[in-house]
Asks: 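My structure is below; once you've seen it, I'll send some questions.
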Amino acid sequence: MITFLVRRLALGLLVMWLVTVIVFIIFYIGPGPADVARALAGRDAPPATVALIARRLLLDRPWYVQYGHFLWGLVHGNLGYDYFHDQPVTSIVAQGIPITLSLIVGAAPLWLFLGVMSGVNSAQRPRSFRDRFFTTLALFFYSTPTFVLGVLLILFLYYQLTIHGIALFPGSGFTPLTQSPLEWFRGLVLPWLTLALVTAATYTRLTRSSMLDVLGEDYVRTARAKGLSERRVVYRHALRAALTPIMTQFGIDVGTLVGGTVITEQVFGLPGLGWTAVHAIQEQDLPVIIGIVIVASAAVVVCNIVVDALYALVDPRVRLH
Amino acid sequence: MTAPTAADEPTPPLLRLEDVVKHYPVRAASRLGRGRRELVHAVDGVTLSVSRGETVGLVGETGCGKSTLARLAMRLLDVTEGRVVFDGVDLTRLSARRLRPYRRRMQMIFQDPYGSLNPRRRVGSIIAEPFAVHGVVARSERRRAVQELMELVGLNPEHYNRFPAEFSGGQRQRIGVARALALRPELLVCDEPVSALDVSIQAQIVNLLSRLQAEFGLSYLFIAHDLSVVRHLCDRIAVMYLGQVVEIGPVGELDVEPRHPYTQALLSAVPVVDPDEGARHRRIVLSGDVPSPIDPPSGCRFRTRCPNARALCAVETPRLEVRPGSGPRHHAACHFPLEPAEPLGAPRRQPPADLREGGPC
Amino acid sequence: MSTAAGGLHRAEAAAAELVRRADAVPLLEIADLRVRFDTADGSVQAVRGVSFAVEAGHTLGIVGESGSGKSVATQAAFGFARGAKVSGRALFEGRDLLTMSEKELRAVRGARVGMIFQDPLTSLHPMYRVGWQIGEGIRAHDRSATRRETRSRAAELMARVGIPHPHERLDDYPHQFSGGMRQRVMIAMALALRPSLLIADEPTTALDPTVQAQILELLRELRDDLGTAIILITHDLGVIAEIADDVVVLYAGTIMEEARVKDLFRDHHHPYTEGLLGSLPSAGVPKGELVPIEGQPPSPIDPPPGCPFGPRCVYRTTTCALRAPPLVEIPGQLRHRSACVLPTDPVLRQSARAAHRPAVAHGAPQGR
Amino acid sequence: MLTPPGVAGSRSLEDGAAGDPASSGAAPRRVIQGRSPWLLAFERFRRDRFALVALGVIVLIVCAAIFAPLIAAGTGHGVNTQYSTAGLTATGLPRPPSAVFPLGTDDLGRTLLVRVAYGARVSLMVGVLATLLTVTIGAALGLVAGYFGRAVDTLIARAVDVMLSIPFLLFAIALASVVSVTPLHLGPLTLGQGVPIVVLVIGIFSWATVARVVRGQVIAIRNREYIEAARAMGASSWRIIVVDVLPNVLPTIIVYATLLIPVSIVAEAALSYLGVGVPPPTADWGAMIAEAQSYYQQAWWFLAFPSIALLLTTLAFNVVGDGVRDAIDPRATGFRP
C-alpha cells in the first residue's frame, strides 16, 4: 500500500511538472512577456517604463530563468504573484476553489444518482419502453453542449419564471455558503442542474452497457438460482460488479472538472477556477494560469490515485503493491 | 536425466527437444503497479523426440506445460534452456530469417476453432496465407491450390469466398488443417485440436488426421488433456505433470501397464462408456490439487498428491528411465514404480528404514 | 450376444421396477416443453416439444451436443431463460413452474432446487467472500437464521463437500480457490437447504480429468447420503454411464431416445445414439476407423422438416424427411422410447440396419 | 504445387456437397460469395430506422454547408453584410424573423439564416478533420504500443497517462488564445487563429483516449490463435499488423470515430463560445450563441437558431454513431441467449 502510494505520487508529481513546462512553453510561443509589460505600463508609457516593469517581473530574462525562479518559489510553497494586481497567486486560487468545489460537490452526487439509476433501469429490461425513454433522454443530454443547456436553463428557469413573478433562482453570481446557506443553494441550483444533466447522460450509457454485460454473467444466474429477489440480484450482485467502470469514470470526471467547469462558470458568471483561468488567459497572466493549471492537474492525479485505491476496496482480486 | 537416446531410435528423429526449460516471469495478479516478480516453471527439463511418420501424444492437465511445450517446439516461444533440434538443425538460436525455411516444414493446428481463424478474412485468403508469406505459389495458381486443399480436408471448394463465421466448429477446424497443410509440412503440432468439438465432430477430425498422415507420411505431436483420443491416434504417449514428463512409452504398454501413479490416476479418471464396466472399474481419486508451477514441490513433483509417496520422494527427483519390468521404450520417473497391473494405494512392502528417515515428507 | 436371454432377464427386472414406480409421483415432470428465442436473424427454436420426468432420489442424465437444447430446457423450466418464449408444462412437486408467480418461483429456487453450473469460477461472485455467498442463500429462505448460525452452517456445508479447513476458508474469495474447490463451493451452496432436486449443468466440463473424477465421486456420495434427485446435463456419455440411472438423448431440441442407462448403452434404438457411441475412440478401434456422424447439426432457426437427424442418418428413408417420427415405446424394456422409424423388434432392427449399411464393414456400433 | 491423391471430389465429407459434380482441377468452379462482416453490419444498419433518419438530417446539414452561398444568394444577403437600418430596430436590437430575414437578424443586423448555414461549414469541417487527426494519431500509437509491447508500450502508455491528466479545456484555451495573437510557425505552415489551430488543439488533446482503447484491443487480439498461426508460418510483424490486427481493430476505430465527430463539434463550439475559437467575423455557432446570450431577453431567435442547429447536428451524429456501433457490434445491445 505504501509503495503503491509512493509510486503513484511520484508519477503524479512528474505529470504536474510536465504540465508546468508545457504551460511555460505555450506562454512563450505567444506574445507573453512583451505584451504583459506593455499592458501593465499603460498605452502611453515610454519604453523605459515598460522595460522597468519587464525587469521587475523578470520578463526580460530567458524563459528558463523565469522557470527556475518559478520552480524555486514552488518548492517553497509559493506560486508567485499575479502580474497586474500583485496579489499572491495562492490567494487568487484560494478564492476560486470554494466556488468550483461547491459546483462539483452539488453536481456530482446528482449526476451519479441520475445516471446510475436510469442506467440500471434501462438495463433491467432492454428495449422496453422504460429503456427507450431513458436512453433517448440520455442521448439528448449527451448531445447537448453545456453552454446551450446552461443558456436554456437561464432562459426558462430564471428569465421566464422571473418575468412571471416567480423569482426562484438568481441568473448568475455566487454567495458563499458561510454567508447564507440558502442563497448559496439558490445560486447553485441551475449550474448544478446544467453540469449534472450533461454529465449524467454519460453515466446512463455507461451504466447501461456495463449492467448489460454483468447481467449476462454466470454469477448473476447463480444469484437467481439461490432464489434471491430480483432487487437483490440487480443491486447487490450485478450493480456491485458493474460499478468498477462507473467508479473509474467518476474519478476521472471529478478530477478533470476542477479545471473543467470553465463553461458552466462562464455561463452563470461564477468566479471559480475556470472563470479565473479564462480571464487570466485573456490577460496573459502567466503566474495565475500556472497556479490554476497546477491545482487542476493535482486534482486529476489525486482522483486517479483515489480511484485506484478504491479498486482494491471494491474488488478483492486487486491487490495494491 | 536419461531420456530415450539415439540408440533407441532406428533413424534420427525429425524433432527432438533436449532438456527444454521454459521459465517465465509473471507479476502477481495486480492491476495496480507491479507485483512481485515470480518465475513460472512452465516446462522444466523435457526431453522428447518425434520420428518421421510417428505420432507422439502429449497428455496432461491444465497448467502442466503441454501447450507451452508445443509453442517451444514451434519456436513461437523461446526456450530458457535446452535445444529444439529439427532434422538435425538446432532451431533455438536461429534468426527469424534463417528460421523461415524450417517454418515451412513444421506447422501447427490450434485448439479453438473460433480463435484460430481471422474472422475478417475469407477462407480462401486464410488458407492461401502461407503461400503469400513464403511466395511459393504464383498468385494466379493460388485459388486452384487452395480449392484442392479444401477438397482434401473435406470442405466444399465453392465456399472459397466465405468467412469463418459462416462455418460450424468442425468445418472451421478443417480450415485450420488445410492452412497447416498448405506448405506440405513434415511435422504437425496439434494443440488439443478436438477438445473444443462435439463428440460426433471430434471423430470426423480424428479420422481426417489419421487419413492425412497415411497419405502424406506426416509426423504428429498431438496434445490432449485426456487419454482416450491420444490412445486411439498415437504410437507413443508422454504424460506431463507440472512441467515435466513423468512417463513415456508406446501405446499398449503405457496405457495398459502404467508404472507412474499419476498415469494410472489419469487413466482411471476417464469415465468408461459402459455402465457395467463402470461399476467394475476401480476409480483412483487423487486427493488435493495440482501445486502451483511458481513454487513446485521439491524432489518428485507428484509426491504431494501421490498415495505412495515416501521420504525419498521429497529429496531426490526421480529420473525418467526404464524401470524393471517395462519394455525398452517405456520410461517412468518414479522412485517406487507400480508393479505391472498393481492397483494404486494397495498395501506395499515396507520401505527400507534408511529411506523412511530421509527427510520431511 | 444373447439378446433374447438378456431381454428376458431384463423384462423381469423391469416388471419389478414398474411395480415399485407405479405409485411414485415424479418429482419433476416436463411435458411438451417448447422454448423459442426471437432474434434479429429469425426465431431460434431451442427446445421443440420435450417431455421427461425425474423421480425422487433418481438421477436423470440429459445428453446432447452443443445446440441440442439440453441446458435451455431445464433453465427455461425454472424461469432462467430470459427473453425466451416458453410453453408446455413443468410440474415440480405437483405445481406448474411455468404458471407460478415470480415470488413462488423464488421460493422453489435455492430451497427446493439447487443448481450448479459448468464454470465454477464465473459462477461465483468474484467480489464476495465464499462463506457469505453460501450463507446468503440460506438467509434468503430462512429469515430466522442469525448471522452466526448461517456462518456455522456454511462452514459445516463446506466441510461436508470436502473443503479442508472450512472455518479458515469461509472468508476467502473465489479466486483463492482451485477449480475443483470452487465447484465444491458451488455444490455446498446448491445443497445448503437440502433441496429435493439438484440440477448439475455440465458440472465437470471445465475441470481436468482427475478433478472431474473427484467431483463425480462427491456427487454420487451426496446423492446416496441425502437422497437428492439429480438432473445431470452433459455432452459426455462417459459421465452419464458413471452416475445416471436414466438418460434422455437430445438432438436439435427434440428427444431422440430415452432409456435407462444400461439399456441405452446396450440396446440403443436410435441411429443418433448409435452414432454418438461410434464416435468415441475406445480400445480396439483401429486408427482412423472411428465411425463419426457425417455432416453438421441443423440450424436452430430453420430446422429441416421431418426427423431432425434425417440429413445425417445412414438409415434414412424418404419418409424421414416428411414427418418427424414420434417417440415410440421399445417393448420389453422399461421406459425405453425412441423417435425413429426403425423396427422396435431387436431382430428386425438388426436386419434393417444391415440392409441400410452394406458398404461399411466396421459399422457395428461400439460399446456393447 | 500440391497434388492431392485421388480423393478429389469423391469423398467430400461435407453436407450439401453430396451432389458435387465430378469436378476436375482445371475446370473453373462456381464460388459462393460469403457475407462479409462489413456487409452484415451494413444490413443491420439499414434496418435501424432511427439512425437512417439521423443520417438524413446529417445529409441536410452537409447540403446546407455546401450550398450556403446559394442560400445567401437566395436571400440576397451576404454572410457578413450588416443591415444597420433594415436589420436592426430603432433601439439597435436584432429584428425578429420576417419575410426579409427568415430567421431574424443578429446584434449587428446580419441575416441569421445565412450565418447559421455558413456556421455549419466550420462545425462540419472541424468535426471531421479533428476526428481524422485524433484517430490517426491515436490508432497508430495504440497499434504500435499494443502489438510490440515492452519499452515502446511503456513509453506510449505513460504519454497517454500524462495526456489524460492534463486539464484539456484550460490548455486548449491557453493554446488557442496564444495563437490568436501570434501565429504559430510549423515549418512551411503558419497557424493563426481559425479552423486549422482548432483542429490541431482538439487533435493534440484527444488522441490519448483513442490510443488507449486501440491498445487494449490489440493486446486482446495479439494473443488470439490466428496471430500465433501467422507467426508459425513465418509472417513478419508488419504483415501481421496490417493483415491480421488492423482489420480487427478497424471496427472499433470506426465506431470511435463516428462518436468522436460530435464531441469535436462541441469542443470547437465551446472554444468559439469562450472567444478563442474561429475569429469573427466568420460565422460560427458557438460564437453566435455567446453573442446571443446578452440578448436572450429581447431576441430569442438569435439564441434559438444557432443552438438548435448545433444541437441537431450533434444529436444526429450521436444517433448515427450509436447506430454504427450497434451494427458493427450487435452484442452491445442485442440478443444474448
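We name chains A, B, ... by the order of the sequence lines, and we start the count at 1 in each one. Quick note: numbers below take in every heavy atom, side chains included, and nothing from hydrogens, waters or symmetry partners.
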Asks: Would you indicate whether the side-chain heavy atoms of D:Phe305 and D:Trp300 approach each other to under 4.5 Å?
Replies: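 Yes, at least one pair of side-chain atoms sits under 4.5 Å.
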Asks: Below 4.0 angstrom, N of the basic side chain to O of the carboxylate: do D:Asp153 and D:Arg215 qualify?
Replies: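 So D:Asp153 pairs with D:Arg215 through a salt bridge.
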Asks: Per the side-chain contact (heavy atoms from CB on, under 4.5 Å) rule, which among A:Val293, A:Ile294, A:Val288 passes with A:Ile290?
Replies: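 Passing option: A:Ile294.
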Asks: Can you give me every donor-acceptor pair (side chain of residues 259-273 of chain D, partner residue at least two apart or in another chain, under 3.5 Å) with its distance?
Replies:
unit_1	atom_1	unit_2	atom_2	d
D:Ser264	OG	D:Thr131	OG1	3.4
D:Ser264	OG	D:Leu260	O	3.0
D:Glu268	OE2	D:Ser272	OG	3.0
D:Ser272	OG	D:Glu268	O	3.3
D:Ser272	OG	D:Val278	N	3.4
D:Ser272	OG	D:Asp284	OD1	3.2
D:Ser272	OG	D:Asp284	OD2	3.4
D:Tyr273	OH	D:Gln293	OE1	2.5

Asks: Under a 4.5 Å heavy-atom cut-off, does chain A meet the side chain of D:Leu170, its backbone, both or neither?
Replies: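 Contact with chain A is through both the backbone and side chain of D:Leu170.
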Asks: Chain D contacts: which residues in residues 198-206 of chain A have a non-hydrogen atom closer than 4.5 Å to it?
Replies: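 From residues 198-206 of chain A, the residues near chain D are A:Arg205.
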Asks: Check whether any side-chain heavy atom of A:Tyr158 lies under 4.5 Å from a side-chain heavy atom of A:Leu153, and answer yes or no.
Replies: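 Not in contact.
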Asks: When only heavy atoms count and the cut-off is under 4.5 Å, which of residues 14-21 of chain A reach chain D?
Replies: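 The stretch touches chain D at A:Val15, A:Leu18, A:Val19.
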Asks: With side chains defined as the heavy atoms from C-beta onward, is the minimum distance between D:Leu310 and A:Pro145 less than 4.5 Å?
Replies: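 Side-chain contact under 4.5 Å: yes.
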Asks: Relative to chain D, which of A:Ile263, A:Leu273, A:Ile289, A:Thr146 shows the most heavy atom pairs under 4.5 Å?
Replies: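 Option with the greatest count: A:Ile263.
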Asks: So what's closer than 4.5 Å to chain A heavy atoms on D:Ile289: side chain, backbone, both or neither?
Replies: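 Contact with chain A involves the side chain of D:Ile289 alone.
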Asks: Is the closest side-chain heavy-atom distance between D:Arg325 and D:Val255 below 4.5 Å?
Replies: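 Yes. Closest side-chain heavy atoms under 4.5 Å.
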Asks: Using a 4.5 Å heavy-atom cutoff, which residues in residues 119-127 of chain D come close to chain A?
Replies: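 Near chain A, by residue number: none.
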Asks: How long is the span from the OG1 atom in D:Thr258 to the CD1 atom in D:Ile328, to the nearest 0.5 Å?
Replies: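 Reported value, rounded in 0.5 Å steps: 7.5 Å.
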